[in-house]
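Have a look at the structure below before the remarks.
It should be emphasised that the depicted structure is a prediction, and the values quoted were computed from it without experimental measurement. Order of the sequence lines sets the chain letters (A, B, ...), proteins ahead of strands, with each chain counted from 1. Computed over heavy atoms, backbone and side chain alike; hydrogens, waters and symmetry mates excluded.
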Amino acid sequence: MTHPVFAILSAGGSSLEDTIELLSGAASTVAGEETSATAVVFGAAPRVDSACRAACAMFSRVRRVAHPVLEHPDAEMIRELCRRLLPPAAIVLMAHDPFGMDLGPGLAVHLGAVYLPDCLELDREGTGRMSAVRQVFGGQVNARVSADVTSGAVITVRPGAFTRPEPPVDVSREVDGPSVASGEGAGEGGSAQAGEKTRGVVPTAGVIEDWSSKVFREGVPGVGRRILSIREAGKGEVDITRSDVLVACGRGFESADDLELARELAEVMGADIACSRPLVDARWMEKTRQVGSSGQTVSPRVYLALGISGSFQHLAGIKGKPFLAAVNINRRAPIFQVADVGIVGDVLEVVPELTECFREGKG
Amino acid sequence: MDILVCIKNVPDTSAEEIEIADDGTDIVRDDLVYTVNEWDNYAVEEAIRIRDRVGGSVSVVTVGSEEDEEALRREIAMGADAGFLLSDPAFEGSDGAGIASILEAFVRKHPVDLVLTGAQADDEAGQVGGMLAARLHLPFASLVNRIDIREDRLTVEREVDGGNVEVVDIALPCVLSIQTGINEPRYVGIRGIRKAAAVHIPVLGAAELEIDPAEVGRRGARVLLESLFVPAQGEGAVMLEGSLGQQVAQLAAALKTQGVIR
Ligand SMILES: Cc1cc2nc3c(=O)[nH]c(=O)nc-3n(C[C@H](O)[C@H](O)[C@H](O)COP(=O)(O)OP(=O)(O)OC[C@H]3O[C@@H](n4cnc5c(N)ncnc54)[C@H](O)[C@@H]3O)c2cc1C
Ligand SMILES: Nc1ncnc2c1ncn2[C@@H]1O[C@H](COP(=O)(O)O)[C@@H](O)[C@H]1O
């Protein structure tokens, strides 16, 4: 049997464009030739409409689910709506981000589907089976897992692991700009053809179907949780997002005192100090110096990672391909998979030496 | 408030060069030191603080083998009141869904007001908490980094992208997965561990938990580990060689070429 493929998007989510690309890439890998994927976009008007239009560029079918209660992307609510909307044995894709991590595991249970978290690679293996590659043990080792997907699968996909598939050949049909049936009462009839005339890549001319009234026919699902507000992260005294050169410290530093060594190095290098999450958790550094998915996104020219293993959540915060140098005692540390230059060594030995080197060079 | 914290004993691999065992489906664990999963320590600390504020009890539970008992004792030394080991040959080889269903069976026999898990463990899956909540039909919130108690509800904060925070109202009983940094877990001294050595830890198997052995373990698993492999180095780093002094000089030169000052 073929499994219909769905990509779940939340209009309120961060980095929506990236997520659309990620999921369309993943969808084309798992959908095979016989099926094409459907994007489902949850949100409140008007944001949901721009999100639907964005999804149209990469999905040929987009289902719009709009309601004022979806102003914030509450996974508990969206999980209930997914149960009303998804057919049996579906393959359901979402990003492995705080929204997907909230939604996915419980959705798999409710759909009776397997759960494949944080997938880097996906492969269909004949009917009813699928295999995936995931990172385990802090990214030192990858695991290939295989899953029985006869009852469907919920899959969270590692951000950045899939890119936009080659555009299908015959989507160059001329259509009007995207028009979306708006308002809550649009109903199922409110489907509209949409497309975008862009130069260069020809986008998929996606069709938007409004499923709002269908999904909410039984009313708003009662869930035990409600988002009260969103609080933006605070700003600190230094803004590492603007730094040219960063010296970033990780748990390879075993005490707060040892960080003084890194501060001295940063000073002679004319760099700012950044860090990985555990140093913030330990209250050794301010949150505003944390690089990563739950911290800052930086784009320096040079990034020196000291005693940082290179977890994907950390690397997610480094953009713009800086020159990346790493010092780590473990030759297998995943940071060396992405570094340009590396020293296998102890930060307590390497850092003071390096500071000396720069001091002498200045002299 | 009665709180249950699910914990996992995991090998500390960050500074170790992991080797893959001959059959390709596990790592060589002999020389690895085991510790309680980092995220779970924060969860236990939070549970203890809540109990100390509003009363009640903290239990810790793990699905594992005899060797994992020490992890439970460590958390008892930290301040948990009781520990339970869920262990049975039939549980071996469980996938995440299997672990969640074993924990579900336990919670049904020992109902609590609040269940805490870590955000993720060594499988880096982040699945057990959300699955457990769904199986128990309880509300769930992941990546929680603050908990405030309001009568029969909680106000919790979820850490989302960029360090932004979602403030969430959630009904009790519920399941929360805890993110690091929510508190500063207390230090556990050798004396505490010695005291906890005497505590009786009940061991519960499939029969006691009324679990159908075919539903869990290797037999029940729908997600199977095929193989482990070391990821390709890709473009890879130029790994510097020579004495420490030579390596450092080369690194400094490379950094200067990239335009780090003068
Ligand atoms: C939802 C979520 C969001 C997250 N967001 C972030 C984020 O924004 N930023 C972030 O950084 N992390 C984040 N994390 C945590 C992330 O998963 C890792 O746990 C974290 O990045 C590890 O930090 P680390 O590399 O400093 O520590 P570890 O992984 O413990 O690595 C320490 C490294 O230091 C090396 N080392 C040890 N001693 C020495 C020595 N003497 N000299 C040299 N090297 C030494 C070790 O070999 C090891 O590689 C997040 C996790 C989750 C679940
Ligand atoms: N074997 C286990 N026994 C008890 N709790 C577990 C077990 N495995 C995972 N958990 C819980 O689930 C959390 C997330 O783990 P995981 O879903 O495996 O990433 C952990 O932090 C624990 O709280």
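- Heavy atoms closer than 4.5 Å to chain B are found in both the backbone and the side chain of A:E349.
- Heavy atoms closer than 4.5 Å to chain B are found in the side chain of A:V302, but not in its backbone.
- Of the two parts of B:E241, neither the backbone nor the side chain holds a non-hydrogen atom closer than 4.5 Å to a non-hydrogen atom of chain A.
- Taking CD of B:E166 as the start and OG of A:S229 as the end, the distance is 9.5 Å to the nearest 0.5 Å.
- Proximity to chain A (any heavy atom under 4.5 Å) is restricted, for B:T155, to the side chain, taken from C-beta onward.
- Within a 6.0 Å sphere centred on CZ of B:R186, other residues, nucleotides and ligands contribute more than 12 heavy atoms.
- For the pair B:P231 and A:Q135, the minimum side-chain heavy-atom distance is 4.5 Å or more.
- Surrounding CZ of B:R153 are more than 12 heavy atoms belonging to other residues, nucleotides or ligands, all under 6.0 Å away.
- Between the side chain of A:E76 and the main chain of B:F140, a donor-acceptor pair closer than 3.5 Å is present.
- At a 4.5 Å heavy-atom cutoff, B:L172 makes no contact with chain A through either its backbone or its side chain.
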Pair B:E184, A:R283 - check salt bridge (Lys or Arg N to Asp or Glu O under 4.0 Å), show working. CA-CA 8 Å; B:E184 289 174 86; A:R283 318 290 196 257; 3.7 Å; yes
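- Heavy atoms of A:V149 lying under 4.5 Å from chain B are absent altogether.
- Heavy atoms of A:S309 lying under 4.5 Å from chain B are absent altogether.
- Interface remark: A:Q296 contributes no atoms to any contact with chain B (heavy atom separation under 4.5 Å).
- Judged by distance alone, with hydrogens and angles left aside, the side-chain atoms of A:R134 form a donor-acceptor pair with the main-chain N or O of B:D123 at under 3.5 Å.
- For B:D22, the CG atom counts as loosely surrounded, since its 6.0 Å shell holds 12 or fewer non-hydrogen atoms of other residues, nucleotides or ligands.
- Remark: B:I20 CD1 to A:F137 CZ distance equals 10.0 Å, nearest 0.5 Å.
- Within the 4.5 Å cutoff, the side chain of A:R225 has no heavy atoms near those of the B:D169 side chain.
- With respect to chain B, the highest number of heavy-atom pairs below 4.5 Å among A:L324, A:D148, A:V141 belongs to A:V141.
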Show your working on side-chain contact (heavy atoms from CB on, under 4.5 Å) between A:M269 and B:K256 and close with a plain yes or no. CA-CA 9 Å; A:M269 281 176 63; B:K256 282 176 189 163; over 6 Å; no
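- When heavy atoms are compared at a cutoff of 4.5 Å, B:A133 does not approach chain A at all.
- B:D95 does not touch chain A: none of its heavy atoms, backbone or side chain, sits under 4.5 Å away.
- Side-chain N or O atoms of A:N330 include one that pairs as donor or acceptor with a backbone N or O of B:E16 at under 3.5 Å.
- Chosen from B:L154, B:T25, B:L244, B:D161, the residue pairing most often with chain A at heavy-atom distances under 4.5 Å is B:D161.
- Between B:R158 and A:D102 there is a salt bridge, since at least one side-chain N of the basic residue sits less than 4.0 Å from a carboxylate O of the acidic one.
- Interface check for chain B: of the options A:A282, A:S293, A:A325, A:G234, the most heavy-atom pairs under 4.5 Å are formed by A:S293.
- Residue B:L132: no heavy atom, backbone or side chain, is found under 4.5 Å from chain A.
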Run the side-chain donor-acceptor check on residues 105-120 of chain A: report pairs under 3.5 Å with partners two or more places apart or on a different chain.
residue : atom : partner : partner atom : Å
A:H110  : ND1  : A:R83   : NH1          : 3.4
A:D118  : OD1  : A:R158  : NE           : 2.8
A:D118  : OD2  : A:R158  : NH2          : 3.0

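- No side-chain N or O of A:R251 forms a donor-acceptor pair with one of B:S14 less than 3.5 Å apart.
- Under the 3.5 Å distance criterion, the side-chain polar atoms of A:Q140 are left unmatched by any main-chain donor or acceptor of B:V230.
- Taking the charged nitrogens against the carboxylate oxygens, B:E17 and A:R331 do have a contact shorter than 4.0 Å, which makes a salt bridge.
- Of the candidates B:N145, B:T180, B:I182, A:D281 forms a side chain to side chain contact (heavy atoms under 4.5 Å, CB included) with just one, namely B:T180.
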Quick one, A:V327 with B:L251, criterion side-chain contact (heavy atoms from CB on, under 4.5 Å). Give me CA distance, side-chain angles, the key distance, then yes/no. CA-CA 10 Å; A:V327 179; B:L251 178 57; 4.2 Å; yes
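- With a threshold of 4.5 angstrom between heavy atoms, A:A333 does not approach chain B through any atom at all.
- Nearest heavy atom pair, residue B:A254 against residue A:F323, reads CB-CZ, 4.1 Å.
- A distance of 10.0 Å separates CD of B:E157 from CG of A:L228, quoted to the nearest 0.5 Å.
- Residue A:S131 holds its OG atom at 11.5 Å from CG of B:L224, rounded to the nearest 0.5 Å.
- Ion pairing of B:E159 with A:R231 is absent here, as no side-chain N (NZ or NE/NH1/NH2) approaches a carboxylate O to less than 4.0 Å.
- In terms of modelled atom types and a separation under 3.5 Å, the side chain of A:R301 and the main chain of B:Q258 share a donor-acceptor contact.
- Under a 3.5 Å cut-off, the side chain of A:R332 and the backbone N or O of B:I18 do form a donor-acceptor pair.
- Only the side chain of B:L143 comes within contact range of chain A, judged by heavy atoms closer than 4.5 Å.
- Contact of the A:D340 side chain with the B:V238 side chain is not registered, since no non-hydrogen atoms from C-beta on lie closer than 4.5 Å.
- With a 4.5 angstrom heavy-atom cutoff, A:H96 touches chain B only via side-chain atoms.
- Taken from CD in B:Q250 to SG in A:C357, the straight-line distance is 10.5 Å, to the nearest 0.5 Å.
- Rounding to the nearest 0.5 Å gives a distance of 9.0 Å between CG of B:L228 and CG of A:N142.
- Both the backbone and the side chain of B:A252 come within less than 4.5 Å of a heavy atom of chain A.
- For chain A, the nearby part of B:P11 is the side chain; its heavy atoms alone come within less than 4.5 Å.
- For a residue to count as touching a neighbouring chain, one of its non-hydrogen atoms must lie under 4.5 Å from one of that chain's; by this rule B:A253 does not touch chain A.
- Heavy-atom distances place no part of A:A271 under 4.5 Å from chain B, backbone and side chain included.
- Annotation: maximal heavy-atom pairing with chain A below 4.5 Å, among B:R135, B:Q120, B:Q247, occurs at B:Q247.
- Among B:G130, B:G162, B:A171, the residue with the largest count of heavy-atom pairs under 4.5 Å with chain A is B:G162.
- Ranking A:G224, A:S146, A:A233 against chain B, the residue ahead of the rest is A:S146, based on heavy-atom pairs under 4.5 Å.
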Begin with the C-alpha distance, continue with both residues' side-chain angles, and end with the deciding distance and a verdict on side-chain contact (heavy atoms from CB on, under 4.5 Å) for A:R226 and B:V168. CA-CA 6 Å; A:R226 193 163 54 95; B:V168 173; over 6 Å; no
